[in-house]
A.B. asks: 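Just dropping this structure here.
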Amino acid sequence: MKEAKKKKKPETSIGVSISALGAFSVYLITGLFLAVGFWVIRNIYFVDLISDPSLTLRLLWIIEFPIVVVIYSLFRRNPEKCSYFRAVGRSIVGLISGALINAFGAVSLGAPIGMQSLPKTIHWSFLMSVFTVVPASAVFGASWTDWHRVFASLKPTGNVEYMILIPAYGAIIGGWFGAWPMPLDWERPWQEWPICVCYGAIGGYIVGQMVSLSLMILLRKHKILKLA
């Protein structure tokens, strides 16, 4: 039994590693696509989050989703057993599942559910899923052990898992802080659902990327000092 456990244990941690510089490149590319999304929305469709939040959010997640899948599928667990296209397929499943979870969470916390607000909630949920669930779906698939260890136990191992965990929590925390102005009687258009929440989530996602990159560099220096 002990030998069997020893054989099974390494399989959960087999995957492609990445350096801090590589992680920075990933963040740069995904951030660039997010910026391109905003540029397209502003200069081609002539709208923004305030004037047309539903269209803006839809275009953002449609532009951002493919590049996140293409990149994070490269870091899938057990690549000799899981093909690249299988990782892409489970990313699509993760996108839909994550959108359902985010929508349920938003409605549970008071998001409006009327016919005018429903498209906004749906597309916000898809964008949040791209930030929070899709990278983990591409890398971990249905491995409950990895999901629980990283997101519940907060015990990431390696740079790839820091890239998954911290930006995801950053988006969630940023969205939560972004919701604070909504009930205030300032009567500003950006206070409507889900405008300020979306800005908060994007800001939190970017901050999460910066924090994870800083941790990667610090941990690398710590390992070098230990070896010295």
A.B. asks: For a 4.5 angstrom cut-off between non-hydrogen side-chain atoms, does V160 reach S17?
C.D. replies: no
A.B. asks: M216 vs F24, test: side-chain contact (heavy atoms from CB on, under 4.5 Å). Steps then yes/no.
C.D. replies: CA-CA 10 Å; M216 290 176 207; F24 174 75; over 6 Å; no
A.B. asks: So do the side chains of L49 and L57 get within less than 4.5 Å of each other, counting heavy atoms only?
C.D. replies: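 Of all side-chain heavy-atom pairs linking L57 with L49, at least one is under 4.5 Å.
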A.B. asks: Kindly list each side-chain donor-acceptor pair under 3.5 angstrom involving residues 190-197, sequence neighbours excluded, with atom names and distances?
C.D. replies:
unit_1	atom_1	unit_2	atom_2	d
Q191	OE1	E187	N	3.1
Q191	OE1	R188	N	2.9
Q191	NE2	P181	O	2.6
Q191	NE2	L184	O	2.8
W193	NE1	T121	OG1	2.9

A.B. asks: Cluster question for you: counting only ILVMFWY and a side-chain heavy-atom cut-off of under 4.5 Å, with indirect links fine, are F65 and Y45 together?
C.D. replies: yes
A.B. asks: Does a side-chain heavy-atom distance below 4.5 Å link L95 with V130?
C.D. replies: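 Side-chain contact under 4.5 Å: yes.
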A.B. asks: Is there a path from V133 to I62 through hydrophobic residues (I, L, V, M, F, W, Y) whose side chains come within less than 4.5 Å of each other?
C.D. replies: yes
A.B. asks: Which residues pass the ring pair (Phe, Tyr, Trp, His ring centres under 6.0 Å) test with F131, sequence neighbours left out?
C.D. replies: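 Ring pair (Phe, Tyr, Trp, His ring centres under 6.0 Å) check on F131 returns Y205.
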A.B. asks: Would you please classify the geometry between the W144 ring and the H148 ring as parallel, tilted or perpendicular, with 30° and 60° separating the classes?
C.D. replies: tilted
A.B. asks: Can you find a heavy atom in the side chain of F140 that is under 4.5 Å from one in the side chain of E161?
C.D. replies: yes
A.B. asks: Among the clusters formed by ILVMFWY side chains lying less than 4.5 Å apart, do I44 and I41 turn up in the same one?
C.D. replies: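 Cluster IDs for I44 and I41 match.
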A.B. asks: Please tabulate, for side-chain N and O atoms in residues 82-90, each donor-acceptor pair with protein atoms closer than 3.5 Å (sequence neighbours left out).
C.D. replies:
unit_1	atom_1	unit_2	atom_2	d
S83	OG	R86	N	3.1
Y84	OH	V70	O	2.8
R90	NE	S137	O	3.1
R90	NE	A138	O	3.3
R90	NH2	A138	O	3.0
R90	NH2	V139	O	3.1

A.B. asks: Between atom CD1 of I206 and atom OG1 of T30, what is the distance when rounded to the nearest 0.5 Å?
C.D. replies: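 Rounded to the nearest 0.5 Å, the CD1-OG1 separation comes out at 9.0 Å.
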A.B. asks: How about Y162 and L213: do any of their side-chain heavy atoms sit closer than 4.5 Å?
C.D. replies: no
A.B. asks: State whether the side chain of W147 and the backbone N or O of A152 hold a donor-acceptor pair below 3.5 Å, judged by distance alone.
C.D. replies: no
A.B. asks: Side-chain heavy atoms nearer than 4.5 Å, only ILVMFWY residues, links allowed to pass through others: does that put L21 and V26 together?
C.D. replies: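 No: no chain of side-chain contacts under 4.5 Å links L21 to V26.
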A.B. asks: Distance from L32 atom CG to S25 atom OG, nearest 0.5 Å?
C.D. replies: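 These two atoms lie 12.0 Å from each other.
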A.B. asks: For the pair F126 and L60, evaluate side-chain contact (heavy atoms from CB on, under 4.5 Å) and give the outcome as yes or no after the intermediate values.
C.D. replies: CA-CA 9 Å; F126 273 107; L60 281 177; over 6 Å; no
A.B. asks: Please table the atom pairs, donor to acceptor, closer than 3.5 Å between any side-chain atom in residues 165-180 and protein atoms at least two apart or in another chain.
C.D. replies:
unit_1	atom_1	unit_2	atom_2	d
Y169	OH	F151	O	2.6

A.B. asks: Between CD1 of I96 and CD1 of I92, what distance do you get to the nearest 0.5 Å?
C.D. replies: 7.5 Å
A.B. asks: Distance check, rounded to the nearest 0.5 Å: I164 atom CD1 versus D146 atom CG?
C.D. replies: 8.5 Å
A.B. asks: Kindly determine whether V134 and Y72 satisfy side-chain contact (heavy atoms from CB on, under 4.5 Å), including the steps that lead there.
C.D. replies: CA-CA 9 Å; V134 171; Y72 280 89; over 6 Å; no
A.B. asks: Search all heavy atoms of A20 against all heavy atoms of N159 and return the closest pair with its distance.
C.D. replies: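 Minimum heavy-atom separation between A20 and N159: N-ND2, 3.7 Å.
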A.B. asks: Donor-acceptor pair, distance only, cut-off 3.5 Å: does the side chain of T56 make one with the backbone of D52?
C.D. replies: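 Confirmed, T56 side chain pairs with D52 backbone.
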A.B. asks: If you group Ile, Leu, Val, Met, Phe, Trp and Tyr by side-chain heavy-atom gaps below 4.5 Å, do L28 and V211 land in one group?
C.D. replies: yes
A.B. asks: For residues Y27 and M163, determine if any side-chain heavy atom of one lies less than 4.5 Å from a side-chain heavy atom of the other.
C.D. replies: yes
A.B. asks: Quick check for you: to the nearest 0.5 Å, what is the distance between K120 atom NZ and L55 atom CG?
C.D. replies: 12.5 Å
A.B. asks: Just grab all the salt bridge (Lys or Arg N to Asp or Glu O under 4.0 Å) pairs involving residues 28-51, residues at least two apart or on different chains.
C.D. replies: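 Matches after skipping sequence neighbours: R42-D48.
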A.B. asks: Hey, does C198 have a side-chain heavy atom less than 4.5 Å from the side chain of P53?
C.D. replies: no
A.B. asks: Taking the side chain as every heavy atom from C-beta outward, state whether T157 and R149 have any atom pair closer than 4.5 Å.
C.D. replies: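 Yes, at least one pair of side-chain atoms sits under 4.5 Å.
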A.B. asks: Step by step, work out the side-chain contact (heavy atoms from CB on, under 4.5 Å) result for I202 and F38.
C.D. replies: CA-CA 12 Å; I202 292 172; F38 276 108; 3.7 Å; yes
A.B. asks: Can you tell me how far OG of S129 sits from CH2 of W61, rounded to the nearest 0.5 angstrom?
C.D. replies: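 Rounded to the nearest 0.5 Å, the CH2-OG separation comes out at 9.0 Å.
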A.B. asks: When the side chains of residues 101-114 are checked against the rest of the protein, which donor-acceptor pairs come out under 3.5 Å, sequence neighbours left out?
C.D. replies:
unit_1	atom_1	unit_2	atom_2	d
N102	ND2	G98	O	2.8
S108	OG	F104	O	2.7

